Amino acid sequence: MLAAWYEKNGSAREVLQVGTLPDPLPGPGEVRVRVAVSGVNPSDVKSRAGRPLAGPQVVPHSDGAGVIDDVGPGVSSSRLGERVWIWNGQWKRPFGTAAEHIVLPADQAVRLPDATRFEEGACLGIPALTALRAMTVDGDVAGRTVLVSGGAGAVGAYALQFARLMGAGRIITTVSSPEKAQIARSFGADEVIDYRQEDVVSRIRDITDGQGVDRIVEVDAAANAALLPQIVARDGLCVVYGSGRPQVPLDFGPMILIGAAVRFFIVYELVPAVRRNMIRSLSAYLEAGLLKHHLGPAFTLDRVAEAHEAVEGGKAIGNVTIRF
């Protein structure tokens, strides 16, 4: 099979290789997916750049979509030919979706509705599930004021839509350019703040009549930690799914005085019951045709290094994919 892989950490152009690897065969309880589209996420490029390798040869990328073309013992043959999307393809295992085939446990290949394209399915495992968890953990958002940090991003665009679908009273987001502001509005934002041109704290205080926001969905906790005590409402919730640095200093005094809560999570480590619920809800939204997908640049496998650089440099808007 055609595949991309790396054998050491380093820059994309330095370590990523493209060539042929043996076709994998599914074992007990596993399926093999003929990958149509592989999704490229920030965690994939971070893993390649410096995280410990899961094996001597790592095929990157955790997200993808394709068709089941083989099943192992214990898996019904009725799944052959099923269109699926993949989650945790390369989490704690060496072989991800940047290859023509991937073998993985059967439950990690989820049926993809007929109306959902493969390139859209390759955006679900990390961006969509992260957004859904961020909008549902520790209570609902019906009637609440929600702030989505980075609303034009891969996760942010889904988070804005889930907030709208779940009946949020007011949806605010931050962006870094007029182009991104337009994108965020198209995905459901009521109020858009360009943090490079405007004072975020003042704008939020004006929008909320000084009350602050009930739920913050935060993409970079380290960068925005100083803002949180100034913009979260009394007894509000800050949901954190990412950080540009390992240390996140929070101003304890203001946070405890208003009773604010901080919830950290990583989508890779959702407990099985929570993940099942998230997948069930996501599937229902997809089946009903209620979600738009924020597709960004698409590459072919021979340009995998360019795809990584597009994500790493932060210039790509939307979900970056590799199509076979």
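Excluded from the calculations below are hydrogen atoms, water molecules and symmetry mates; all remaining heavy atoms, backbone and side chain alike, are included. Being a predicted model, the structure only gives us computed values, none of them experimental.
Note that OG1 of Thr136 and CG of Asn277 are 9.0 Å apart. Values are rounded to the nearest 0.5 Å. Remark: Trp85 CH2 to Leu112 CG distance equals 9.0 Å, nearest 0.5 Å. The distance from atom OG1 of Thr145 to atom CD1 of Ile204, rounded to the nearest 0.5 Å, is 10.5 Å. Rounding to the nearest 0.5 Å places CG of Leu228 at 9.0 Å from OG of Ser149. The structure places CD1 of Ile231 at 7.5 Å from CG of Asn224, a figure rounded to the nearest 0.5 Å.
Taking both residues in full, the closest heavy atoms of Asp251 and Met255 are given as O-CG, 3.2 Å, listed atom of the first, atom of the second, then distance. In this structure, Ala12 and Ala305 approach most closely via the heavy-atom pair CB-O, 3.8 Å. Annotation for Ala184 and Thr173: closest pair CB-CG2, 3.6 Å, computed over non-hydrogen atoms. Here the closest non-hydrogen pair linking Val18 and Ala4 is CG2-CB, 4.2 Å.
A single hydrophobic cluster is not seen to contain both Ile256 and Ile216; linkage of ILVMFWY side chains at heavy-atom distances under 4.5 Å, directly or through other members, places them apart. Val262 is not connected to Met135 by any chain of hydrophobic side-chain contacts under 4.5 Å among Ile, Leu, Val, Met, Phe, Trp and Tyr, and they are in different clusters. Following chains of ILVMFWY side-chain contacts shorter than 4.5 Å, one cannot reach Val240 starting from Leu270, and the two form parts of different hydrophobic clusters. Under the 4.5 Å side-chain heavy-atom criterion for ILVMFWY residues, a single connected hydrophobic cluster contains both Leu104 and Val58.
Residues in residues 58-81 take part in these salt bridge (Lys or Arg N to Asp or Glu O under 4.0 Å) pairs, two or more places apart or across chains: Arg32-Asp69, Arg79-Glu82. Within the structure, the ring-ring contact (aromatic ring centres under 6.0 Å, His included) test picks out no pair touching residues 92-134 (sequence neighbours left out). For residues 186-226, the pairs satisfying ring-ring contact (aromatic ring centres under 6.0 Å, His included) are Phe187-His294, with sequence neighbours left out.
Classification of Lys180 and Asp194 as a salt-bridged pair fails, no side-chain N sitting under 4.0 Å from a carboxylate O.
With Glu198 contributing its side chain and Val200 its backbone, the two residues share no donor-acceptor pair below 3.5 Å. Without hydrogens or angle criteria, Arg83 side chain to Thr116 main chain gives a donor-acceptor distance under 3.5 Å. Looking at Arg215, its side chain does come within 3.5 Å of a backbone N or O of Ala134 through a donor-acceptor pair. Counting only distance, with no hydrogens or angles, the side chain of Thr174 and the backbone of Gly150 share a donor-acceptor pair below 3.5 Å. Checking side-chain atoms of Gln161 against main-chain N and O of Ala157 turns up a donor-acceptor pair under 3.5 Å.
Put simply, the side chain of Glu312 does not reach to within 4.5 Å of the side chain of Ser11, judged on heavy atoms. A 4.5 Å side-chain heavy-atom check between Gln57 and Glu7 finds at least one atom pair inside the cut-off. Using a 4.5 Å heavy-atom cutoff, the side chains of Asn9 and Val15 are not in contact. Looking only at side-chain heavy atoms (C-beta outward), Gln90 and Ile102 stay at 4.5 Å or farther from each other. The shortest side-chain heavy-atom distance between Phe299 and Val320 falls under the 4.5 Å cut-off. Using a 4.5 Å heavy-atom threshold, the side chains of Val192 and Gln182 count as separate. With a 4.5 Å cut-off on side-chain heavy atoms, Tyr158 and Leu132 do not count as touching. The shortest side-chain heavy-atom distance between Glu191 and Thr208 does not fall under the 4.5 Å cut-off.
Its side chain outside the 4.5 Å cluster rule for every partner, Leu295 clusters with none of the Ile, Leu, Val, Met, Phe, Trp and Tyr residues.
Enclosure of atom CZ in Arg144 is not indicated, since only 12 or fewer non-hydrogen atoms of other residues, nucleotides or ligands lie within 6.0 angstrom.
The salt bridge (Lys or Arg N to Asp or Glu O under 4.0 Å) search around Arg117 returns Glu119, Glu120, not counting sequence neighbours. With sequence neighbours excluded, no residue forms a side chain to side chain donor-acceptor pair (under 3.5 Å) with Arg276.
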Subject >> Full working for side chain to side chain donor-acceptor pair (under 3.5 Å) between Ser43 and Asn41 >> reply: CA-CA 5 Å; Ser43 54; Asn41 289 285; 5.5 Å; no

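Looking at Arg13, Arg48, Glu309, His61 one by one, the single match for side chain to side chain contact (heavy atoms under 4.5 Å, CB included) with Val304 turns out to be His61.
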